[in-house]
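Every value quoted in this text rests on a predicted model; they were computed, and no experiment measured them. Hydrogens, waters and symmetry mates play no part in the numbers below; they use all other heavy atoms, side chains included.
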Amino acid sequence: MLGGFGIDEREEAVYAEILRRRQTTVTEVSDALGIDPATVGDCLAKLASLGLVTGHDTGLHTAVAPDVGLGALIVQRQAELQRVHGRLAELVAVYRTGSSWPAGQVETITTPEQLATWIDTMERGAQTEILAFFRPPYILNPDLETFSRFAPTYRYVYERSAFDDSRVPEEINGFLRSGYEIRIADALPNKMIIIDRQAILLPMRLDQTSMHPGFLLIRGESLVRMLVDLFERVWAAATPLRVTAAGLTDGAQAMDEVDVLLLTLLLSGLPDKTVAARLGTSERTVQRRLRRLMELAGANSRMQLGWYAARSGLVPL
């Protein structure tokens with residue numbers, strides 16, 4: 001617990017024992033914790049150097065109140081962090097000056113370790129929004145359980161061909177349930193992640209299937225603005241998706257989870273055969289469920305069903 005101050009578990013146990021007794025001797029602490037007296041003496045010396053205990057000529061050791069002793073260490077650590085933060089700005093300026101691009105507008109990332117570090121750092125530092133284009137082939141496989149949820153707003157656009165990957169419907173449903181906004185586009189210009197409209201990460205090649213030749217980290221104001229504008233144009237033309245398990249009409253039979261996923265896949269433009277494969281069922285079952293949904297909605301065609309779903313809030317216009 002106190003490892004951040006350089007205090008190991010044994011030293012922390014000694015400190016806690018002295019706090020409990022307020023005033024005690026090496027022998028008493030040794031007997032209470034089952035630690036030899038020499039080790040207790042070393043722990044006390046370490047705690048005294050940190051200002052957490054005081055010694056007396058009588059052989060007694062007194063604990064310094066935690067809010068005083070630990071409080072002083074916290075203030076000291078905060079001051080150190082402030083100095084580091086100031087030095088960070090200086091080092092960033094040096095780094096960008098040494099870049100071949102003005103003010104570090106474009107940097108290259110060529111190793112998986114660099115890529116993972118930048119993605120984690122960018123997402124954890126996000127303050128307002130994360131925007132992204134997703135299209136095959138995939139390079140990264142994020143863990144949905146621990147995927148970033150640090151920004152207030154997430155807007156993702158998937159290329160329709162992404163549904164050829166059997167993992168994508170589950171991924172999209174996971175994002176939708178977490179409050180993300182998802183849209184589907186017929187085609188995307190590239191994969192791209194935008195953080196707070198200040199930094200953008202994208203692969204060097206459109207068909208890139210590995211780290212080679214690398215990724216570009218873009219932070220130049222004019223370049224970022226241009227790519228953000230591209231995202232907004234694609235977003236405006238893409239088809240929105242929002243999946244719920246609400247009923248289609250008041251008093252009508254509610255949709256189950258399979259119906260919800262079925263409607264999502266169909267409205268993304270996938271053929272019945274592909275939808276059936278994604279659901280792990282037959283094409284005939286997909287068509288039977290679809291007819292039931294059309295009956296519930298009073299629709300005569302799939303187009304009418306899509307319109308009704310949008311009007312009812314299952315898929316927003």
Side-chain angles (χ1 to χ4, degrees), residues 119 122-123 126 128-142 144 147-203 206 218 224-246 248 255 257 259-271 274-275 278-279 293 297 302-317:
I119 289 178
M122 289 167 64
E123 291 175 345
T128 56
E129 64 179 357
I130 295 179
L131 315 175
F133 284 161
F134 289 107
R135 67 183 303 277
Y138 287 114
I139 299 174
L140 303 174
N141 295 309
L144 291 181
F147 198 66
S148 61
R149 291 180 174 84
F150 300 98
T153 301
Y154 290 82
R155 288 192 288 151
Y156 292 169
V157 181
Y158 280 78
E159 184 173 292
R160 200 175 302 279
S161 61
F163 282 86
D164 292 337
D165 188 322
S166 60
R167 298 168 297 177
V168 168
E170 179 183 355
E171 179 178 277
I172 288 180
N173 279 332
F175 286 147
L176 288 169
R177 292 189 179 94
S178 296
Y180 293 27
E181 295 181 62
I182 306 292
R183 295 193 177 189
I184 305 297
D186 289 334
L188 292 176
N190 205 339
K191 292 184 279 283
M192 181 168 64
I193 300 175
I194 303 175
I195 309 294
D196 289 343
R197 303 182 179 233
Q198 296 179 356
I200 298 177
L201 186 70
L202 71 163
L206 182 66
I218 299 173
V224 169
R225 183 178 301 175
M226 179 179 66
L227 291 172
V228 169
D229 182 65
L230 171 64
F231 176 89
E232 294 295 356
R233 290 175 182 271
V234 173
W235 176 265
T239 301
L241 288 180
R242 176 160 56 92
V243 177
T244 71
L248 288 172
M255 296 172 63
E257 290 289 336
D259 289 331
V260 170
L261 184 54
L262 168 62
L263 187 58
T264 302
L265 295 173
L266 286 173
L267 292 180
S268 70
L270 296 179
T274 303
V275 172
R278 295 290 179 269
L279 295 177
L293 292 176
R302 297 188 183 195
M303 183 177 295
Q304 287 182 351
L305 176 61
W307 174 83
Y308 188 89
R311 191 189 68 175
S312 302
L314 293 172
V315 180
L317 291 172

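- Residues satisfying the salt bridge (charged side-chain N to carboxylate O under 4.0 Å, His left out) test with R197, not counting sequence neighbours, are E129, E232.
- The structure places CD1 of I193 at 6.0 Å from CZ of F134, a figure rounded to the nearest 0.5 Å.
- Looking at residues two or more places apart in sequence or on another chain, you find a side-chain contact (heavy atoms from CB on, under 4.5 Å) between D186 and R160.
- Closest non-hydrogen pair, F231 versus I194, comes out as CB-CD1, 4.0 Å.
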Please lay out, stage by stage, how R225 and D229 fare under the test salt bridge (charged side-chain N to carboxylate O under 4.0 Å, His left out). CA-CA 6 Å; R225 183 178 301 175; D229 182 65; over 6 Å; no
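- To the nearest 0.5 Å, the span separating OG1 on T153 from OH on Y180 amounts to 11.0 Å.
- Contact of the T274 side chain with the R278 side chain is registered, since non-hydrogen atoms from C-beta on lie closer than 4.5 Å.
- In this structure, the side chains of I130 and Y156 come closer than 4.5 Å at one or more pairs of heavy atoms.
- R135 contributes no side-chain N or O that, together with a main-chain N or O of E159, makes up a donor-acceptor pair within less than 3.5 Å.
- Separation of atoms CG (L227) and CD1 (I200) is listed at 4.0 Å; rounding is to 0.5 Å.
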